[in-house]
Every structure is written in C-alpha cells, then in structure tokens.
Amino acid sequence: MATRGLSDLPPSQRPYLADPPVIAPGHTFASVTEKIMRTVLTGRTPLGWIGGVLIAFGIVNILMMAFGYLFWKGVGIWGITVPVGWGFAIVNFVWWIGIGHAGTLISAILLLLKQSWRTSINRAAEAMTLFAVMCAGMFPLVHTGRPWLACYWLFPIPLTMGVWPQFRSPLIWDVFAVSTYFTVSLLFWFTGLIPDLATLRDHAKYRITQTIYGVLAMGWRGSARHWARYETAYLLLAGLSTPLVLSVHTVVSWDFAVSVIPGWHTTIFPPYFVAGAIYSGFAMVLTLMIPIRAAYGMKDFITMRHLQNMAKVMLATGLIVAYGYFMEAFMAWYSGNRFELYTFKNRAFGPMGYFYWMLITCNIALPQLLWLRGFRNSPVLLWMMSIIVNTGMWLERFVIVVTSLHRDFLPSSWGTYKATRWDYATYIGTLGFFTMMFLLFIRVLPMISIFEVRALLPQSRINSLAQENLQ
Amino acid sequence: MIEAGIYGLMAEYDTVPGLVAAAEQAHEQGYRRMDTYSPFPIEPAAEAIGFHKNRVALVVLLGGLLGGMGGYSLEYWVSVLAYPINVGGKPWHSWPAFIPVTFECTVLGAAISAFIGMLAMNGLPMPYHPVFNAPNFTAASKDKLFLCIEAADPQFDLTKTRQFLERTNPRIVTEVSN
C-alpha cells in the first residue's frame, strides 16, 4: 500500500522512474558556449593531459618500431603460419573497425531517430570512429608486408602492367567499404564542426589560433539560408551514413562468410557482426567518456542519462550477439555437416577452448549485470563493464579467426597459432595511437558539439511550452 | 536606394521569438534582401525571410547516381573488357558480385556532393564578408541573434529602415560598412 502514492504520480515525477535530464538545468547559450569552449581556448594545458600524451606517444613509438621491423623483415616476424594465415592483423582490424561503428550509430542513426540525448556525445564518438578506422586501416595495409607494392591490387590504378583488382572478391569490397566509410565519417564529422570552428575563430585570443580556426571555419557566419542548406546536408549525410555503417561490417563479415571454411561459411555472420560492432563500439564510448566527463567537468552535458542509455544499448546488442553465438552452435548441429560440427566442438572444447569460454563470460554472462538499475547508475561499474566487453569482443574475433583456421577439413594439415612479441607490439601500438589521437582531439577541438547543445536548450525554440508538450 | 559604403543595417536580438517576429515583420514590409544570423539553426527564421526551399537534396541525388553508375561502369570495364579472368567459372559480367562496390560508390558520390554542394551553394569558403564589420557580431556565434536588411534591397532607406528596425524591439541597430 505504501507504493500507491507513488504510482498516482505521472511517470516523470516518480522518483524511481524519472530519467536524469539530458542537460543539467539552468544553462544559457553563453554558459554552454563558455563551458565547452574553455577546454580548447584555455592557455593552461592540464598536467594530466601532457602526461597522457607523453605515455601514448611512447607507445606510438613501439608501433613505429614494429612497423619498421616488419617492413625490414616481412610478415614472417608475426605468428602467422600454415594453416593459420590470418592472425592478429585481421583480429585487430575487425575489432577496431567494429569499435568505430558506435560513433556513426550515435551521430547518424540516433539523429534520424530524433534521440536528442545523442547531441552531447556525438562529436567525441565520431572522433572515436575516425581514429578507430585509422587504427583498423593500418592492419590490412601492413599485413601485405610491402604496402607500397600492394596498391595496384587494392585499388583500381592504371599501370603499364595492365593488371586490375578482382571485383568478385569480398576483399576488394572491403577496400571500398572501409575507405568509403572513413571518407564519409570524416566529411560528416567536419560538417558538424564548421559552426563550432566559427565560434572558436570568433573567441580565440591569439592571432595564430584565430587564423587556424578561421581558415577551417571557411567564413561561416550563421546565416539563416546557410543553416537551412546545412541542416539538409547534415541530415542527408546522416541518412547516407546509416546504410553505409551497416554495409561496412556486413562486408567485413563477408570476408569470412563467402569462404568455404567451416565456422566461417554461415549466413548469420552479417547481422551478428554488425550487432557485435555496435556492442563493442558503445563499450569503447563508455571507456572514453566516463573518465573524460569527470576530468573535464562535463557532467552537466554528459549526464547519467547518457551513460544509462549507452548501457541499455550495450545490453540489447549484447543479447543479439548472444543469439548469434547460439545460432552458430545450433546450425553446427542442425546442418548435419560433420566438419561444421567438429569446428564448433573444437572451438568450445579443443586446445583453445578456454578462449571460447572467456569470450562467453565477457560477452554474455557478465553483461547480464546491466539489467540491474543500480549497476547502470554507477559510472565506475559501467566503466569496468566496458573494458570487459571490449576484451570479450576482441576474444570473439580471435576465436572466429584462429579456431576456424587451425583445424579445418584435413587432420594432416592441422596446426596451431601463437602470437609473437611483434604481434603484441603492433596491437598495443595501435592502442597508443588511438589514445594519442583522442587526447589531441579533445585539446584542439570542442569535444561536445556546441551549436547542437545550444539548440537543445528550451530558449532555442520559438514556443518552448508547445514544444515541451509535444515531447 | 543604395547608400555608398553601407552594406546594410544590423539589428541585434536576445530571444528567438524576438528575432523571428522582426524577420516576419520585415518580410511583410516588403524587404527581401535580408538575412538572419544565429549561433544555431532556427528553422522559423529561414521561413520568415522567405527562404523555403534549398537544392541540396537534388545535388546529393545527382552525386549518388553519378557515383553508383561510375562504380558499376568501372567494375564492368575492368572485369569484362580490360582484364577478364575466369574465377570458378563465374561469368565475366557477374553482376551480383558488383553490387557491394556499386553501393559504396553511390554513398561516396552522394556524401561528397552533399559536403561540396552545401558549401558551394552557401558561397563558402568566403574569406571576407561585410557582416563581420558589425559591432558585437562575434556574439552571432555565441548567444546573440541578428537581422540584417541589406542596402541592396530596393526598399532600403537608411532612415526609414532604421526606424522600422527600431520598432521591432532590438537591443541595438547599427550600420554595417562594406
């Protein structure tokens, strides 16, 4: 009977049902501008930032050494061998590109779905996409061993040899998908930045910063005609990015699914890869955002609402991924194909079975804690969960690539796989590169879209009361 | 009537309803060469100054079609004419395998034309524009809203237009030099 009083209230006033606000109350156009701009236009660089960049730069040097030695000796320095010809390079490529997908989902798909909570996280999430795709792109390039000799079979380039790429191969589709994805993500991100660059140009104190932001802002002046065309272009870019992002991981999954290897040759791969990509991407957004909102005092803009919503998206996509694992197991049995069945048994109970069970723990078992409201309300616990999910998704790609290859049709050609120190150096190096790029981004560009946050304030509407009632 | 050296008259407002009401009145008065400047998109402001339609979508459609046709033609030319290879007995013109790249090229063409088309129709990049001479115009990218009636408007008259703008409750009305 004690709860009767509460359920009589409208849902938004019930204390246990009310969502935290998307933006803390009491802000004005000037206050949001000042607050977000301050991290960029301040003369004082936080010491923590300098330390972080130095550490990340040190790790980038490990990456450079790994690449240098690779170009000197060739891909033999890695653990790849017969029959496991695809190792860390492909695992890391798929992992990184999947992480990128959350940025596009937040910036494009949630824009089309009119999810206004996306506004304060889309800029940073898109930047994450760009840097993750850069990291992803490094692997297919360097895994050719001599990238400068590889361009003619990756891209259609007229040469005197008269040799052209093979357009019936998913690997070429992948080249087009990933390069298009990077280009479109960059255009989308830069388009979103133009009005904010104008803000920085107008409020920068020094001549040099005024010039740099001024050139990048291209003379943006906030004209109503410009805004109208801008909004159309921005929406269309979002509309184009939506099928694009779904196509990218679909094409990545075809790299596997179009082959005849047991464990790869399945139709569940495209949807399950896309869901896994979004799953790991949201985990990475949480990994980045939770420390940043605390360090830069952005809790007014990146509120608990954002963290909770991202946790819910992770829970939903995690369940789709779980369905994917279940379907793989079911189809291995239902197909009646002894090779498929053996691959599955070997995956779960073979010599590398412990990876499979670690993956199930990280991706399916532990994330069920996200059902608990208290868990979703704790930034620290969510951050730990995001690390667990990222680990799980890396393991998933490792299990798919390595356990399918190391024992296929002929027992006489079975083998094993062991990564070398250069494999680890390259992988850790890209983590350093990603961190460094992200730190540089939050220092020189506004990490939250200022003009979109302004448009989120009730003062930006012509009739704020009528609008409130509509929502 | 065009005054020498004057680009227009700029009125500054605090609130969105104030700006939109002023722009609507200016349109009713018959002013056409005018524009509003704001730090975030205000759709009713564009409607008020009589800017209802833009052609960005058309450009994007054309760019997408061009990209898609270009991508497919490239695949056809490479796989059928320039470098035909028999792969597992598949036909040279194996169109289903050509769809992914065609799709990616469509999106690429459309996205590039959305970006370049939007900038080109807005006349950007533009290194110099007179409105930046207006006092306090840096607030147009922060928290203030502006309406500028340009001297090029046939109805423009320095005193009459100024009187009209002062009646719309602005914070201040200033002359913008060219």
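Fair warning: this is a prediction, and the values are worked out from it, not measured in the lab. Below, chains carry the letters A, B, ... as their sequence lines are ordered, and counting in each starts from 1.
Shown here are the salt bridge (charged side-chain N to carboxylate O under 4.0 Å, His left out) partners of A:Glu34, two or more places apart in sequence or in another chain: B:Lys142.
Taking A:Ala198, A:Ser179, A:Ser247 one by one and counting their heavy-atom pairs under 4.5 Å with chain B, the maximum is reached by A:Ser247. Of all the listed residues (B:Asp35, B:Leu108, B:Val16), the one sharing the greatest number of non-hydrogen pairs under 4.5 Å with chain A is B:Asp35. In terms of heavy-atom pairs under 4.5 angstrom with chain B, the leader among A:Phe29, A:Trp164, A:Phe451 is A:Trp164. Interface check for chain A: of the options B:Thr138, B:Val101, B:Asn122, B:Asp143, the most heavy-atom pairs under 4.5 Å are formed by B:Asn122. Each of B:Ala45, B:Ala110, B:Gly64 has some count of heavy-atom pairs under 4.5 Å with chain A, and the biggest count is that of B:Ala110. Among B:Met121, B:Glu75, B:Lys144, the residue with the largest count of heavy-atom pairs under 4.5 Å with chain A is B:Glu75. Taking chain B as the reference chain and counting heavy-atom pairs below 4.5 Å, the highest number among A:Ala233, A:Ala177, A:Ser169 is found for A:Ala177. Counting heavy-atom pairs closer than 4.5 Å to chain B, the top-ranked of the candidates A:Leu200, A:Val175, A:Ile172, A:Thr191 is A:Thr191. Chosen from B:Ala140, B:Ala46, B:Pro39, the residue pairing most often with chain A at heavy-atom distances under 4.5 Å is B:Pro39.
Within residues 224-232 of chain A, the residues that have a heavy atom under 4.5 Å from a heavy atom of chain B are A:Ala224, A:Arg225, A:His226, A:Trp227, A:Ala228, A:Arg229, A:Tyr230, A:Glu231, A:Thr232, listed by number. Among the residues in residues 111-118 of chain B, those with a non-hydrogen atom closer than 4.5 angstrom to a non-hydrogen atom of chain A are B:Ala111, B:Ile112, B:Ala114, B:Phe115, B:Met118.
Proximity to chain B (any heavy atom under 4.5 Å) is shown, for A:Val453, by neither the backbone nor the side chain. Both the backbone and the side chain of A:Thr199 come within contact range of chain B, judged by heavy atoms closer than 4.5 Å. Of the atoms belonging to A:Thr180, heavy atoms from both backbone and side chain fall under 4.5 Å from chain B. With a 4.5 angstrom heavy-atom cutoff, A:Leu236 touches chain B only via side-chain atoms. Neither the backbone nor the side chain of B:Thr15 comes within less than 4.5 Å of any heavy atom in chain A. Neither the backbone nor the side chain of A:Leu235 has a heavy atom closer than 4.5 Å to any heavy atom of chain B. Only the side chain of A:Trp254 comes within less than 4.5 Å of a heavy atom of chain B; its backbone N, CA, C and O stay farther away. For chain B, the nearby parts of A:Pro243 are the backbone and the side chain; heavy atoms of each come within less than 4.5 Å. Only the side chain of A:Gln166 comes within contact range of chain B, with at least one heavy atom under 4.5 Å from a heavy atom of that chain. Using a 4.5 Å cut-off between heavy atoms, B:Pro127 makes no contact with chain A at all. The contact between A:Leu244 and chain B is made by backbone and side chain atoms together, counting heavy-atom distances below 4.5 Å. Only the side chain of A:Pro156 comes within less than 4.5 Å of a heavy atom in chain B; its backbone stays farther off.
For B:Phe103 and A:Phe176, the distance between ring centers is not under 6.0 angstrom.
In this structure, the side chains of A:Arg221 and B:Phe137 come closer than 4.5 Å at one or more pairs of heavy atoms.
Enclosure of atom NE2 in B:His129 by more than 12 non-hydrogen atoms of other residues, nucleotides or ligands within 6.0 angstrom is indicated. For B:Tyr128, the OH atom counts as densely surrounded, since its 6.0 Å shell holds more than 12 non-hydrogen atoms of other residues, nucleotides or ligands.
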N/O donor-acceptor pairs under 3.5 Å from side chains in residues 23-34 of chain B, not counting sequence neighbours:
| unit_1 | atom_1 | unit_2 | atom_2 | d |
| --- | --- | --- | --- | --- |
| B:Tyr31 | OH | B:Thr161 | OG1 | 3.1 |
| B:Arg32 | NH1 | B:His27 | O | 3.0 |

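Checked by atom type and distance alone, the side chain of A:Trp173 pairs as donor or acceptor with a backbone atom of B:Ala97 at under 3.5 Å. At least one donor-acceptor pair under 3.5 Å links the side chain of A:Arg168 to the backbone N or O of B:Trp92.
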